[in-house]
Amino acid sequence: MRRKVTKAIFPVAGLGTRFLPATKSIPKEIMTLVDRPLIQYAIDEARAAGIKEFIFVTAKGKGALEDYFDGAPELEKTLRKKGKTELLKELRATDMDSGAIAYIRQREALGLGHAVWCARRLISNEPFAVLLPDDVISSTTPCLKQMIEQYTETGGNMVAAMEVKPEEVSSYGILSVTETNGRLLSVDDMAEKPALEDAPSRCAAIGRYILEPSIMNRLRDLKQGNGNEIQLTDAIAQEARDGGKVYGYTFEGQRYDCGSKAGYLKATVAFALKRDDLKADLAEFIKQTAAKL
Ligand code: G1P
């Protein structure tokens, strides 16, 4: 029997330099799309995929992120008194059970692979998911759920995959694809942020992974890679080159790169336009503003 994926790692130790000065005092994962922090979208997606244990790899200055998941009895009391039942319901939907979240500190910014490795003791000998909250995916079935359904059939290691423009290739982990079967891609190698001329394809890894526990051992032994950082991509690539099962999964959905200003703004507009309370007003504003450009 294949083991169920019930643990997920959320690497949230990054400095968020692209959003300075805002991120001087707010963790970037707390920045909102409309009225929900980025991290909430990742948590909701993980929950919908059956994740029960949420492991945050944090760093100095991320206190607001930990506070966000605390209970808010005072606030709830006030809302109850004022009869704001709808708001209360929304607030409750973000509640996390006591003990469901663990926080691990990454002492030094040594890269994504190192951040994931910091959670090794909590992962132990189980398959696990990794979600990068910068990548927000809007889809009919949540992206990680799509992947877990596929994983239940195939097992192995799986990364969310998407074709990117040639000029974007050097910003992503890129897959070397040997076979395509519907949404499932067989992968025999990966390269972290290669130059376009060295890239094995234009098929990029997006921030959703399902990984076998053996990846942790590979991370332990890895040398620094691209950008002098320990790269998750390098551990998965090693696994693939040694004949381990590595797949890409071309998910259904629209992905927003909320690690970039343009991506974050696009996501803000797209999510606001999906809201009944904002749609008409905002659409009209966009039309009028665009007409003046
Ligand atoms: C990370 C990974 C990269 C992946 C990307 C997806 O890069 O290292 O392989 O393609 O996330 O968003 P980052 O964007 O953190 O530099």
Side-chain angles (χ1 to χ4, degrees), residues 1-13 29 39 41-58 65-66 69 96-107 110-133 135 137 141-161 173 184-187 190 205-222 230-249 251:
M1 255 283 278
R2 209 176 308 291
R3 292 198 68 163
K4 267 187 135 175
V5 183
T6 58
K7 297 180 176 176
I9 301 175
F10 300 81
V12 289
E29 298 79 14
I39 192 66
Y41 291 87
I43 291 279
D44 288 349
E45 184 181 328
R47 267 182 171 160
I51 298 298
K52 305 276 183 254
E53 291 179 56
F54 304 79
I55 304 164
F56 285 32
V57 183
T58 70
L65 191 60
E66 300 191 16
F69 289 107
M96 300 293 280
D97 291 340
S98 286
I101 304 188
Y103 299 97
I104 300 271
R105 286 268 182 149
Q106 184 186 24
R107 287 189 50 182
L110 297 177
L112 175 61
H114 180 262
V116 168
W117 180 74
C118 287
R120 66 200 175 279
R121 291 199 180 86
L122 291 178
I123 294 300
S124 182
N125 202 24
E126 290 181 40
F128 59 98
V130 177
L131 291 94
L132 309 186
D135 283 327
I137 300 163
T141 304
C143 180
L144 188 65
K145 184 157 192 256
Q146 297 176 41
M147 290 170 69
I148 286 192
E149 280 167 7
Q150 179 65 63
Y151 170 84
T152 310
E153 281 176 34
T154 48
N157 300 276
M158 195 176 289
V159 305
L184 193 67
L185 314 172
S186 300
V187 171
M190 278 179 84
I206 299 303
R208 300 292 182 272
Y209 306 78
I210 300 172
L211 300 172
E212 296 289 339
S214 56
I215 290 291
M216 288 293 186
N217 297 332
R218 295 195 181 272
L219 286 171
R220 179 193 59 210
D221 300 333
L222 267 187
I230 307 284
Q231 296 293 351
L232 184 57
T233 296
D234 292 347
I236 305 170
Q238 238 182 35
E239 184 85 13
R241 288 198 298 268
D242 287 351
K245 284 201 281 184
V246 176
Y247 299 105
Y249 186 80
F251 56 95

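For this chain, numbers begin at 1 and follow the sequence in order.
Across L144 and A46, no two heavy atoms sit closer than the pair CD2-CA, 4.1 Å. Shown here for P133 and I39, the closest heavy-atom pair between the two residues is CG-CD1, 3.8 Å. What you find for P11 and L132 is that their closest heavy atoms are CG-CD2, 3.7 Å. Closest heavy-atom contact between Y151 and G156: CE1-O, 3.2 Å. Closest approach of K145 and A48 over heavy atoms only: CD-O, 3.2 Å. Between R208 and C143, the closest heavy-atom pair is CG-SG, 4.0 Å.
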Test side-chain contact (heavy atoms from CB on, under 4.5 Å) on M158 and I148; report intermediate values, then the result. CA-CA 9 Å; M158 195 176 289; I148 286 192; over 6 Å; no
Run the side-chain contact (heavy atoms from CB on, under 4.5 Å) check on I210 and Q150 step by step: do they pass? CA-CA 11 Å; I210 300 172; Q150 179 65 63; over 6 Å; no
side-chain contact (heavy atoms from CB on, under 4.5 Å) between V187 and I236: does it pass, once the steps are laid out? CA-CA 10 Å; V187 171; I236 305 170; over 6 Å; no
Passes side-chain contact (heavy atoms from CB on, under 4.5 Å), Y103 versus L65? Steps please. CA-CA 10 Å; Y103 299 97; L65 191 60; 5.5 Å; no
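From Q106, atom CD reaches atom OG1 of T58 across 9.0 Å, with rounding to the nearest 0.5 Å. With values rounded to the nearest 0.5 angstrom, M190 atom CE is found 12.5 Å from Q238 atom CD. Taken from NZ in K4 to CD1 in I51, the straight-line distance is 10.0 Å, to the nearest 0.5 Å. With rounding to the nearest 0.5 angstrom, the CG atom of N125 is 11.0 Å from the CD1 atom of I123. Rounded to the nearest 0.5 angstrom, C118 SG and I55 CD1 are separated by 11.5 Å. Interatomic distance, CG of L131 versus CD of E45, reported as 5.5 Å (0.5 Å rounding).
Judged by distance alone, with hydrogens and angles left aside, the side-chain atoms of K245 form no donor-acceptor pair with the main-chain N or O of G155 at under 3.5 Å. At distances below 3.5 Å, at least one donor-acceptor pair connects side-chain atoms of N157 with backbone N or O atoms of E212. Of the possible donor and acceptor atoms, one in the side chain of Q146 sits under 3.5 Å from a partner among the backbone N and O of T141.
Residues F128 and M216 form a side-chain contact, since some pair of their non-hydrogen atoms from C-beta on lies under 4.5 Å apart. In this structure, I9 and I104 have side chains that are not in contact, with every pair of non-hydrogen atoms separated by 4.5 Å or more. Counting only heavy atoms from C-beta outward, the side chains of K7 and L122 never approach each other to under 4.5 Å. Between R218 and L211 the shortest side-chain heavy-atom distance does not fall below 4.5 Å. Between M147 and F251, every side-chain heavy-atom pair lies at or beyond the 4.5 Å cut-off.
Within a 6.0 Å sphere centred on CG of D97, other residues, nucleotides and ligands contribute 12 heavy atoms or fewer.
Ring geometry, F56 versus F69: the interplanar angle exceeds 60°, so the pair is classed perpendicular (tilted spans 30 to 60°).
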